[in-house]
Structures are given as structure tokens and as C-alpha cells.
Amino acid sequence: ETGVTQSPTHLIKTRGQQVTLRCSSQSGHNTVSWYQQALGQGPQFIFQYYREEENGRGNFPPRFSGLQFPNYSSELNVNALELDDSALYLCASSSSVSTDTQYFGPGTRLTVL
Amino acid sequence: GIQVEQSPPDLILQEGANSTLRCNFSDSVNNLQWFHQNPWGQLINLFYIPSGTKQNGRLSATTVATERYSLLYISSSQTTDSGVYFCAVANTDKLIFGTGTRLQVFP
């Protein structure tokens with residue numbers, strides 16, 4: 001059974017640029033959730049995708065957007081990067097939308113200069 | 001939304017000691033998970049425990065859903081137990097994380 005994978009592991013961007021982060025869900029899982037973890041804090045929910053549709057969104061601006069593909073892998077896109085977007089971005093997959101264990105990938109550490 | 005509080009915020013132990021971490025939440029939930037975040041940022045699943053008691057080796061957890069709290073017990077702690085422990089709950093689509101307990105275990 002393949003676990004959740006994310007790419008890239010690290011990324012450095014400058015303010016105003018755009019970034020795309022990728023996540024491959026665990027085999028058999030159809031739900032992917034994205035979280036942002038700032039230094040010293042707990043992860044914060046960005047949004048969730050279930051069967052290629054957005055299924056809930058946290059308190060993040062529209063410049064944070066996503067996609068889920070037919071194989072249930074997912075992308076997180078962030079436009080017009082700001083310094084405060086520097087964080088660890090975590091992807092989690094599960095086999096249902098709420099009442100199941102979420103398994104996390106290793107994360108992508110984004111630094112915005 | 002649901003509020004999640006974890007205590008203590010920091011814990012320093014000598015190897016071999018036992019500890020109890022607490023998670024309080026403000027509303028009914030249908031998902032509660034405990035995680036260990038290692039120094040590289042990986043969130044490792046410890047327990048999925050919306051209610052009841054589970055044990056896995058030196059770790060055990062109890063959730064009393066009617067009283068809205070969960071406890072994580074670590075027995076005979078080892079240096080590899082160091083890191084941040086998070087409790088996360090959900091009653092809809094998203095997990096809501098507490099602020100974590102930072103555990104340091106010294107030899």
C-alpha cells in the first residue's frame with residue numbers, strides 16, 4: 001500500500017509569484033484535504049476535495065485554489081504569493097469525507113522571500 | 001467552530017518517565033485523531049479515537065465523548081518520543097487541530 005506523497009519537498013519563491021504543490025493520495029482513498037502549518041502552530045484547514053469536487057473550505061482567500069484529478073491526486077495553487085504564505089503545506093487523504101482516519105504526507109515547505 | 005485546547009503546552013521528561021497529555025474540545029465530534037509530528041514535519045498517526053480506549057505498545061488513548069476530552073498516555077518514554085503531539089477533531093469535513101504539546105525526552 002502506497003502512502004501519501006507530496007512534491008516538491010522544499011520550495012523558495014518571491015513575493016507575487018505563483019506556486020503549485022502536488023499530492024498523491026493513498027491507494028483506495030478518494031478524499032484529499034490540504035492544510036497550512038505556520039511555524040509553531042497547528043495545521044489549519046485550507047480545503048478538501050472529494051471525487052474531484054471541492055467539499056469544504058477554510059478561511060483562506062480565493063488566491064488559494066485546488067484541483068483533484070480522476071486518479072484522486074490533487075494540486076494546491078497559490079497566486080500572488082505573500083510573505084505570510086511561508087509555511088509547511090500538508091496534504092491528507094482518507095476514504096471518506098469526515099468519519100475516517102486522515103493520513104498525512106510529508107509536506108512541502110514553502111519559503112516566500 | 002469547534003475549539004480545541006491541549007495541555008500542557010510543554011513537557012520535559014527523563015527517559016523512562018510516564019506522561020499524560022490532554023485534549024479538550026468544545027462540541028460533539030465524529031472524528032478525533034492523535035498525531036506525533038517529528039522534527040522533519042511529518043504527522044504520524046497515533047490513534048483514531050472518537051470514543052473509547054485504545055492501546056498500541058507504550059501508547060494508549062482514551063476519549064470520553066460525553067465530557068468532550070481525550071487523553072494520550074505515554075509510558076516508559078524514550079528519546080524518540082520527542083516532538084509535538086497534536087489532537088485534531090472534526091464534525092464535518094475538516095480536522096481542527098489544537099496548538100499541540102511539545103515533548104522533550106532527555107536520556
Side-chain angles (χ1 to χ4, degrees), chain A residues 1 3-6 8-11 23 26 29-51 53-60 66 68 86-111, chain B residues 1-7 9-10 21-52 54 56 61 63 65 70 72 83-104:
Chain A
E1 186 178 89
V4 181
T5 60
Q6 292 186 243
T9 53
H10 294 85
L11 204 50
C23 170
Q26 187 166 310
H29 287 180
N30 57 19
T31 303
V32 171
S33 304
W34 286 93
Y35 295 81
Q36 180 197 65
Q37 186 177 18
L39 200 60
Q41 298 182 21
Q44 302 272 320
F45 175 76
I46 304 174
F47 43 56
Q48 182 183 81
Y49 279 84
Y50 171 64
R51 295 187 174 180
E53 298 286 332
E54 188 177 290
N55 182 58
R57 188 178 182 92
N59 189 25
F60 281 81
Q68 187 178 33
S86 294
L88 180 67
Y89 288 84
L90 295 162
C91 161
S93 77
S94 57
S95 60
S96 72
V97 295
S98 68
T99 59
D100 193 26
T101 305
Q102 292 194 20
Y103 294 91
F104 282 78
T108 294
R109 195 166 296 278
L110 172 65
T111 302
Chain B
I2 301 176
Q3 305 297 313
V4 183
E5 294 181 354
Q6 291 186 243
S7 60
D10 295 281
L21 283 58
R22 187 176 179 103
C23 172
N24 292 332
F25 45 96
S26 61
D27 203 348
S28 58
V29 299
N30 55 19
N31 185 339
L32 189 149
Q33 294 183 237
W34 281 98
F35 297 92
H36 175 212
Q37 189 165 41
N38 67 21
W40 298 272
Q42 174 82 57
L43 278 171
I44 299 163
N45 290 71
L46 298 177
F47 295 102
Y48 169 78
I49 187 165
S51 63
K54 291 186 177 179
N56 184 4
T63 298
S70 184
L72 177 69
V84 183
Y85 289 79
F86 286 104
C87 163
V89 305
N91 61 10
T92 58
D93 43 48
K94 59 183 177 184
L95 280 177
I96 299 168
F97 284 76
T99 50
T101 292
R102 182 174 299 276
L103 174 64
Q104 297 178 71

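The sequence lines fix the lettering, A, B, ..., with proteins before strands; numbering per chain opens at 1.
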| said: With a 4.5 angstrom heavy-atom cut-off, is it the side chain or the backbone of B:Phe47 that approaches chain A, or both, or neither? | reply: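 Neither part.
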| request: Go through the atoms of B:Gln6 and report whether side chain, backbone, both or neither lie under 4.5 Å from a heavy atom of chain A. | output: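 It is neither, since no heavy atom gets under 4.5 Å.
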| said: Looking at A:Val32, is its backbone amide N or carbonyl O close enough to the side chain of A:Ser93 to form a donor-acceptor pair, meaning the two atoms are under 3.5 Å apart? | reply: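 No, the answer is negative, given that no donor and acceptor are paired below the 3.5 Å cut-off.
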| said: As an exercise: rank A:Gly42, A:Gly40, A:Pro43 by heavy-atom pairs under 4.5 Å with chain B and give me the winner. | reply: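 Maximum pair count with chain B is reached by A:Pro43.
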| Between B:Phe35 and B:Leu46, does a side-chain contact (heavy atoms from CB on, under 4.5 Å) hold up when you go through it step by step? | CA-CA 5 Å; B:Phe35 297 92; B:Leu46 298 177; 5.7 Å; no
| query | Ring centres of A:Phe45 and A:Phe47 under 6.0 Å apart? | reply |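 Between A:Phe47 and A:Phe45, which both carry aromatic rings, the centre distance is not below 6.0 Å.
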| task | Check step by step if side-chain contact (heavy atoms from CB on, under 4.5 Å) holds for A:Phe104 and A:Val4. | result | CA-CA 6 Å; A:Phe104 282 78; A:Val4 181; over 6 Å; no
| Picking from B:Ile44, B:Asn45, B:Val84, B:Leu95, which has the most non-hydrogen pairs under 4.5 angstrom with chain A? |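 Max contact count across the listed options: B:Leu95.
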| request: Side chain from CB out, backbone as N, CA, C, O: work out which of these in A:Gln37 comes under 4.5 Å of a heavy atom of chain B, or both, or neither. | output: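 For A:Gln37, the side chain is the part near chain B, not the backbone.
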| message | For A:Ile46, which atoms come within 4.5 Å of any heavy atom of chain B: side chain, backbone, both, or neither? | response |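 Contact with chain B: none, neither part.
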| task | Determine, stepwise, if the pair A:Gln48 / A:Asn55 fulfils side chain to side chain donor-acceptor pair (under 3.5 Å). | result | CA-CA 5 Å; A:Gln48 182 183 81; A:Asn55 182 58; 2.7 Å; yes
